[in-house]
2 protein chains.
Amino acid sequence: MGEHRATLAAVAARAGVSPSTASLAYSGSGPVAESTRERVLAAARELGYAGPDPLARSLRRGRSGIVGAVVGERLLYAFRDPVAVALLDGIAEALSPSGTGLLLLSGDAQHGSPTPEQVSRMPVDAVVFATCGRDDDPLLDLFLRRGVPVVAVDGPDLPGITVLDIDDYGGAAELARHVAALGHHRVAVAALPLRLDGRSGLVDDARRALVGFADCRARLAATEDVFGPVPVAEAPSNVVEEGERAGRLLLAAPERPTAIIAQSDLLAVGVIRAAEALGLRVPDDLTVVGYDGIDTPWLGERVLTTVVQPIAEKGRLSGRMVTDLLAGRQPPNVHLPVQLRVGTTSARPATP
Amino acid sequence: MGEHRATLAAVAARAGVSPSTASLAYSGSGPVAESTRERVLAAARELGYAGPDPLARSLRRGRSGIVGAVVGERLLYAFRDPVAVALLDGIAEALSPSGTGLLLLSGDAQHGSPTPEQVSRMPVDAVVFATCGRDDDPLLDLFLRRGVPVVAVDGPDLPGITVLDIDDYGGAAELARHVAALGHHRVAVAALPLRLDGRSGLVDDARRALVGFADCRARLAATEDVFGPVPVAEAPSNVVEEGERAGRLLLAAPERPTAIIAQSDLLAVGVIRAAEALGLRVPDDLTVVGYDGIDTPWLGERVLTTVVQPIAEKGRLSGRMVTDLLAGRQPPNVHLPVQLRVGTTSARPATP
DNA sequence: CGATTCGATCGAATCGATTCGACCACGCGA
DNA sequence: TCGCGTGGTCGAATCGATTCGATCGAATCG
C-alpha cells in the first residue's frame with residue numbers, strides 16, 4: 001500500500017537505459033538490441049513490473065482499445081434476448097483479434113438506460129447501441145460531440161451514425177397480411193417497450209405518440225396499415241413474463257381478439273401462456289404470432305409463426321462495422337431482409 | 001479530422017480563467033463562483049467541448065472507473081448460462097450507482113480464454129473471474145502483480161484473491177447419495193469442461209488429471225467418492241447441444257448406465273434429449289440429474305432433479321464484493337449453501 | 001482598527017508512458 | 001580513405017486533465 005508500484009522509468013533506471021529505450025523494448029516498435037531488451041525484461045521481473053500502465057499508454061496513444069455497447073435494459077433482461085446476445089457475441093468476436101475490449105453500458109433497475117454522466121466518463125474508441133435505437137437518445141448526441149464513431153443497431157438513422165437494421169416494416173406487413181388472410185379481424189398487439197421508462201399496460205393515444213424506438217414503431221405501423229387501429233398492450237421489457245401480462249390484459253377485453261400479434265417471440269411465448277391459463281387453445285381459439293425467429297423451447301413441438309431475422313449475420317455484421325470504424329473506414333449502412341415463417345400457432349379463427 | 005478536438009485548457013482560455021479553475025468548475029470539487037462556472041460552461045458549449053477526456057482524468061486520478069469481468073468462453077455460450085448472466089447482472093447492478101463500467105474480457109472461438117496480452121492492456125480497477133475459476137490461470141497472476149483486486153467466483157482459493165463459491169462438494173455428494181439410494185450402480189457423468197481447450201469426449205486418466213476448475217473437480221470428486229470411478233464424458237462448453245453429444249457418447253457404451261449425472265442443468269437437458277432420441281424414457285429407463293437449479297423450459301412439465309444454488313444471491317453478493325474492494329474494504333470469502341431438489345427425472349432403475 | 005479566516009482563483013507539478021528528432025558509432029561501397 | 005546509410009540509444013516534448021500549495025481581496029471577529 002505505502003509502496004508505489006514500479007513504473008517503466010524505474011525499470012529503465014535499473015536496467016541502465018533511458019525510459020524511451022525501455023518503452024521500445026516493451027512495445028516492439030522501433031529497433032532494440034536483443035541484449036538490451038533482455039536486460040529491461042530482467043529488471044522488470046526484479047521490480048515486479050507487470051507492463052506499461054494501460055491508462056498512460058492510452059492517453060498518449062489517444063485510443064483506449066475499448067468499444068462501448070449500450071444495452072439500455074438491465075443485463076438480466078437484455079441477456080434473455082437471443083438477438084441481443086448474438087449481437088454482443090458478434091461484436092466481441094470481431095474485436096477479439098485486435099485485443100479490443102467490450103464495455104457494457106447498461107441500465108439498472110432504477111433508471112432504464114445509463115445516465116449521460118456515467119457514460120461520458122467512459123473511455124471508448126467507438127460505441128454500439130445494441131438494443132436501444134432511441135431516436136432522441138441524449139447519449140447519441142454526447143458521443144457524436146466527442147467524435148466517437150457510433151453504430152446503431154435497429155437504431156435511428158441520423159447523420160453521422162452508422163446503421164444496421166432489418167426490414168422491420170416489410171416483415172411486419174407480411175406477417176399482418178398472413179394473419180388477415182386467415183380471416184382475422186379482431187386483432188391486438190403485444191408491443192415491445194415504447195420508451196425505456198418502465199411503463200406497461202394498455203396504450204392510449206398520448207402514449208402511442210411517444211414511441212421512441214424505430215423497430216417498435218415500424219412494426220406497429222405495418223400492422224395498423226393492414227388492420228387499422230388496434231388495441232395495444234405495452235410490455236416494459238422483452239421477457240416472457242411481461243408477454244404473459246400483456247396477453248392477459250388483451251384477452252380480458254370485452255371483445256376478445258381472435259389473434260394477437262406480439263412484437264417479439266419472447267412476448268409471443270408469454271401471450272400463449274396467458275391464453276392457455278385462460279383455457280384457450282392456440283391456434284384453435286387464438287392465433288399468436290411473434291417476431292425474431294429465435295429458439296422457443298417453451299413451446300415444445302409447436303412452431304411459432306413469426307418473422308425470422310438473420311440473427312447470426314446481424315451479429316457478424318455489427319462486429320465488422322465496428323472494426324471498420326476503428327480502422328478509420330466508414331462502412332455503408334446495412335438493411336437486412338427478413339422472412340415470414342408460418343408455423344403452427346396461427347390458423348383461421350373459429351367460426352362462432 | 002485535421003481539427004484538434006477542444007481541450008479543457010482551450011475552454012479555460014476562452015472563458016478567461018486558468019485551467020485549474022475550469023477543472024474545478026467541471027468536477028465540482030472545490031469552491032467556484034457561480035458566475036465563473038457558467039462562463040466556463042458557456043465557453044465549453046461554444047467550442048463543442050463535451051467534458052473532460054476520460055483517459056486523462058483516469059491517468060491523473062489513478063482509477064479508470066472500470067471493472068473487468070473475465071468470462072472465458074465466447075459470449076454466445078456464456079450468456080446461455082443463467083448462472084453466468086445472473087452474476088454479471090448482479091455486478092452491473094452493484095456498479096451502476098457509482099457509475100462504474102463493466103468490461104467483458106471474453107474468450108473467442110479460437111482460443112478459449114482471453115490472452116494475457118489483451119487483458120493486460122485493459123485499465124481495470126478490479127476484476128471478477130466470473131465463469132472460470134482456473135487454478136493456474138496466468139491472468140490471475142497478472143492482475144495480482146498489477147495490484148488489481150480480484151474476485152473469483154467458484155474460483156481457486158489462493159492468497160490475495162477474494163472467493164465467492166458454493167458448496168459444490170456437499171451438493172454433489174448429496175445428489176450422488178440420492179441416486180445411489182434409488183438403487184443405481186451403473187452411473188456415468190456428463191462433465192463440464194475440464195480445461196478451456198475445446199476438447200471433448202470420453203475422459204481418460206491423463207485428461208482427468210488435468211482438471212483445472214475447482215467446481216468441476218469438486219463435483220466429480222463427490223460423485224466418485226460415492227460410486228467409485230465412473231465413466232466421464234466431457235463437454236467443451238456448458239450448452240444443451242454439447243450435453244446431447246456427451247449423452248450419446250455415454251449411452252453408446254456396451255454396459256449402458258442406468259443413471260447419468262450431469263454437472264449442470266443445461267448438460268442434463270442435452271442428455272435427456274440424447275436419451276429420448278434413442279427411444280429411452282426418462283426416468284423409467286434412465287435417471288438424469290443436473291446441477292444449478294435454473295429454469296428448464298425444454299423439459300415442459302417435467303422437473304429436473306438437481307442441486308439448486310442460490311443464483312440471484314450469488315449475483316448480488318458478487319456485486320457487493322466488488323464494490324467493497326473498490327472502496328478499499330476487504331470483504332470476507334463467502335461459501336453459499338446449496339439444496340437438493342428431487343424432481344421427476346430420477347427414479348429406481350428398471351429391474352432387468 | 002488590526003488580525004484572521006474564508007472563498008475564489010491561479011501556477012506549477014504530476015500521473016506514466018510514447019514518440020519525434022537528434023546523435024553516435026559502425027560497416028560498407030566507391 | 002571518405003562519405004553515407006543504418007541500427008541502436010537517448011532527451012525532451014507531449015497526451016489532457018487533476019491537485020497541492022500559494023496568493024489575494026473581502027468579510028468576520030475580538
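In what follows, chains carry the letters A, B, and so on, assigned in the order in which the sequence lines appear, proteins first and then strands, with residues in each chain numbered from 1. Note that the coordinates shown come from a computational prediction; the quantities given were computed from them, not determined experimentally.
Under the side-chain hydrogen bond (donor to acceptor under 3.5 Å, both in side chains) criterion, A:T21 pairs with A:S18, sequence neighbours left out. Applying the ring pair (Phe, Tyr, Trp, His ring centres under 6.0 Å) test to A:F143 and every residue at least two apart in sequence or in another chain returns nothing. Scored by the side-chain hydrogen bond (donor to acceptor under 3.5 Å, both in side chains) test, B:S27 finds B:S29 as partners (sequence neighbours excluded). When the side-chain contact (heavy atoms from CB on, under 4.5 Å) test is applied to B:A94, the partners found at least two apart in sequence or on another chain are B:T323.
The CZ atom of B:R121 sits 10.0 Å away from the OG1 atom of A:T100 when rounded to the nearest 0.5 Å. We find the CZ-CG distance between B:F129 and B:L87 to be 13.0 Å, quoted to the nearest 0.5 Å.
B:Q118 places a side-chain N or O within 3.5 Å of a backbone atom of A:S96 that can act as its donor or acceptor partner.
Secondary structure note: stems in DNA chain D built from 3 or more consecutive Watson-Crick or G-U wobble pairs under 3.5 Å occupy C:1-30 with D:1-30.
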Contact state string [nucleotides 23-28 of chain C, B base, S sugar-phosphate only, - no protein heavy atom under 4.0 Å]: ------

At under 4.0 Å between heavy atoms, how does the protein contact nucleotides 13-19 of chain C? Give one character per nucleotide, 5' to 3', with B, S or -. BBBBBBB

Expected list for residues 30-42 of chain B: side-chain donor-acceptor pairs under 3.5 angstrom, two or more places apart:
from, atom 1, to, atom 2, distance (Å)
B:R37, NH2, B:A25, O, 2.9
B:R39, NH1, B:A15, O, 2.7

Side-chain polar contacts of residues 157-165 of chain B - donor-acceptor pairs under 3.5 angstrom, sequence neighbours left out - could you list them?
from, atom 1, to, atom 2, distance (Å)
B:T162, OG1, B:Q330, NE2, 3.0
B:D165, OD1, B:H335, ND1, 2.7

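Listed by residue number, the members of residues 31-46 of chain B with any heavy atom below 4.0 angstrom from DNA chain D form an empty set.
Screening residues 45-72 of chain A for side chain to side chain donor-acceptor pair (under 3.5 Å) gives A:R14-A:E46, A:S64-A:D125 as the qualifying pairs, with residues at least two apart or on separate chains. Sorted by first and then second residue, the side chain to side chain donor-acceptor pair (under 3.5 Å) pairs involving residues 312-321 of chain A (not counting sequence neighbours) are A:D154-A:K314, A:Q309-A:K314.
Inter-residue side-chain proximity for B:L95 and B:V322 is flagged as met; some heavy-atom pair is nearer than 4.5 Å.
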